[in-house]
Trainee: 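Got a structure for you, written out below as structure tokens; questions coming shortly.
Every chain is numbered from 1 and lettered A, B, ... according to where its sequence line falls, protein lines coming before strand lines.
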Number of protein chains: 2
Amino acid sequence: MALNQKSLAKILQHAETLCKQREVRLTPQRSKVLELVCAADGPIGAYEILDRLRQTIGNPAPPTVYRALDFLLEQGLIHKLESLHAYVGCSHPDHPHASQFLICSDCGDVREIESSGIADSLRQAQKNTGFKAKRPVVELLGTCARCQISNDRKV
Amino acid sequence: MALNQKSLAKILQHAETLCKQREVRLTPQRSKVLELVCAADGPIGAYEILDRLRQTIGNPAPPTVYRALDFLLEQGLIHKLESLHAYVGCSHPDHPHASQFLICSDCGDVREIESSGIADSLRQAQKNTGFKAKRPVVELLGTCARCQISNDRKV
DNA sequence: TTTTGGGTGTTACAATATATCATTCATCAG
DNA sequence: CTGATGAATGATATATTGTAACACCCAAAA
């Protein structure tokens, strides 16, 4: 997750391009929130964003953050981790895609995966049911490989 | 979701059997909460459970409900819908399984599906990554078939 | 210039969830 | 039986996450 300046700038620029194409407004606030989410070292909560926003904007209130987050979610520029109440930058905002996350309950590590198998099976399920997903949520809560090993050692 | 008395009793009895096998305690409170979740006409929130619990138990507080819910979740007797902050009874608590839900943002309808394709792809992803899921969360947020049709009519 | 709609500021509050500590209760070893 | 142990519960307070509602601003179109 830890991001260098270069790729951060690239992400922001890319977001700007996308929004222009889509004729939606990536305002300074929204852009700043996107920056904070992407620059964060892992998933970040709305109120943590709010705190960091204080260093840029004078006295922001919760709705400020939530409005920006809603916009960014709609544009697919960020993902929400429902089970963590936290947000992460989207690694490839061009093509809408099922966000798939592995969330380790032991160490807190969150990893985004991009399994075409999962994506395919979700598509198939939609075909079968006539359901049309706007925002797929796939979050596997459990134990990452590393923590399984260190847990085994303890026992 | 709407459940008749017979299947409700069957579910509760089944839960009791399972807990006995597993040597965990399905106390009266936990059983009551399970009953409320299963009897509910759709997903039910923790505070709604709390309200209904008042008719049985004298002056319960939030922790009472959340403790019971935690237990039931661990035992796989209920599912949590992370994106709704609500709970539903598990339709087949014997074998742990990926809970997969289609959640319609228009009409609020929630449908549990059991796609072996999704289950397989999740298993495969775990194999590939060494991650071990304890609680898979699959929630497709979007529009159900019925609402798509009625939306089309409006436009 | 008026209107219109999106975006923002601000205040207050709703909804969801947990920390903490005291108490009870079943179980089991001695 | 008794005391010890750990799980479950009671009770109070508070933390965390998310919205409602209304006023205001500003750019673009009529």
Side-chain angles (χ1 to χ4, degrees), chain A residues 15-16 19-20 22-34 36-37 40 43-54 56-75 77-88 105 108 135 137 139 141, chain B residues 15-16 19-20 22-34 36-37 40 43-54 56-75 77-88 105 108 135 137 139 141:
Chain A
E16 201 149 339
C19 288
K20 211 162 274 178
R22 299 174 186 172
E23 297 187 323
V24 294
R25 293 168 56 189
L26 183 63
T27 63
Q29 287 201 40
R30 291 168 172 174
S31 177
K32 185 64 191 172
V33 170
L34 176 59
L36 287 172
V37 171
I44 182 173
Y47 278 72
E48 176 64 28
I49 295 172
L50 188 58
D51 281 345
R52 301 191 185 180
L53 209 51
R54 280 186 222 290
T56 308
I57 300 178
N59 205 39
T64 300
V65 170
Y66 281 103
R67 284 166 181 159
L69 290 173
D70 285 346
F71 171 85
L72 297 171
L73 281 172
E74 278 199 0
Q75 295 304 320
L77 296 168
I78 63 174
H79 295 301
K80 177 173 187 183
L81 297 177
E82 294 288 349
S83 56
L84 295 184
H85 305 286
Y87 305 81
V88 295
S105 318
R135 194 157 79 78
V137 172
E139 300 175 13
L141 309 178
Chain B
E16 202 149 337
C19 288
K20 212 163 276 177
R22 298 174 186 171
E23 297 187 324
V24 294
R25 293 168 55 188
L26 184 64
T27 64
Q29 287 201 40
R30 290 167 172 176
S31 177
K32 185 64 191 174
V33 170
L34 175 59
L36 288 172
V37 171
I44 183 174
Y47 277 73
E48 176 64 27
I49 295 172
L50 187 60
D51 281 345
R52 300 191 186 180
L53 209 51
R54 280 185 221 291
T56 308
I57 299 177
N59 206 39
T64 300
V65 171
Y66 282 103
R67 283 165 181 160
L69 290 173
D70 284 347
F71 172 85
L72 297 170
L73 281 172
E74 279 199 359
Q75 296 303 321
L77 297 168
I78 63 174
H79 295 301
K80 177 172 188 183
L81 296 177
E82 293 287 350
S83 55
L84 295 183
H85 305 286
Y87 305 80
V88 295
S105 319
R135 193 158 80 77
V137 171
E139 299 175 14
L141 310 178

Trainee: Relative to the ring of A/Y47, is the ring of A/Y66 parallel (under 30°), tilted (30 to 60°) or perpendicular (over 60°)?
Mentor: perpendicular
Trainee: Name the residue closer to the 5' end of DNA chain D, choosing between B/G58 and B/V24 according to the nucleotide with the nearest heavy atom.
Mentor: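 It is B/V24, whose closest nucleotide lies nearer the 5' terminus.
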Trainee: Using the test salt bridge (charged side-chain N to carboxylate O under 4.0 Å, His left out), find all partners of A/E16 that sit at least two apart in sequence or belong to another chain.
Mentor: none
Trainee: In terms of side-chain heavy atoms, does B/E139 have a donor or acceptor partner in B/S83 at a distance below 3.5 Å?
Mentor: yes
Trainee: Testing the basics here: between B/V37 and B/I49, what is the closest heavy-atom pair and its distance to 0.1 Å?
Mentor: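 Heavy atoms of B/V37 and B/I49 come nearest at CG2-CD1, 3.7 Å.
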Trainee: Quick check: do A/F71 and A/V24 have side-chain heavy atoms less than 4.5 Å from each other?
Mentor: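 SC-SC contact between A/F71 and A/V24 confirmed.
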Trainee: Contacts to DNA chain C from residues 25-33 of chain A, heavy-atom cutoff under 4.0 Å, which residues?
Mentor: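 Heavy-atom contacts with DNA chain C come from A/R25, A/T27, A/Q29, A/R30.
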Trainee: State which residues pass salt bridge (charged side-chain N to carboxylate O under 4.0 Å, His left out) with B/D51; sequence neighbours excluded, sorted by chain then number.
Mentor: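 So B/D51 forms a salt bridge (charged side-chain N to carboxylate O under 4.0 Å, His left out) with B/R54.
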Trainee: If you look at every heavy atom in B/S31 and B/L26, which pair is closest and at what distance?
Mentor: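 Taking B/S31 first and B/L26 second, the nearest heavy atoms are N-CD1, 4.0 Å.
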Trainee: Does a side-chain heavy-atom distance below 4.5 Å link A/Y87 with A/L69?
Mentor: yes
Trainee: Is A/K80 salt-bridged to B/E82, cutoff N-O under 4.0 Å?
Mentor: no
Trainee: Walk along DNA chain C from 5' to 3' and tell me the first and last nucleotide with an atom closer than 4.0 Å to a non-hydrogen atom of chain A.
Mentor: C/dG7 to C/dT11
Trainee: What residues, two or more places apart in sequence or in another chain, satisfy side chain to side chain contact (heavy atoms under 4.5 Å, CB included) together with B/Q29?
Mentor: B/T27, B/I57, B/T64
Trainee: How does each nucleotide of nucleotides 17-26 of chain D score, in 5' to 3' order, for protein heavy atoms under 4.0 Å: base (B), sugar-phosphate only (S), or none (-)?
Mentor: BBBBB-----
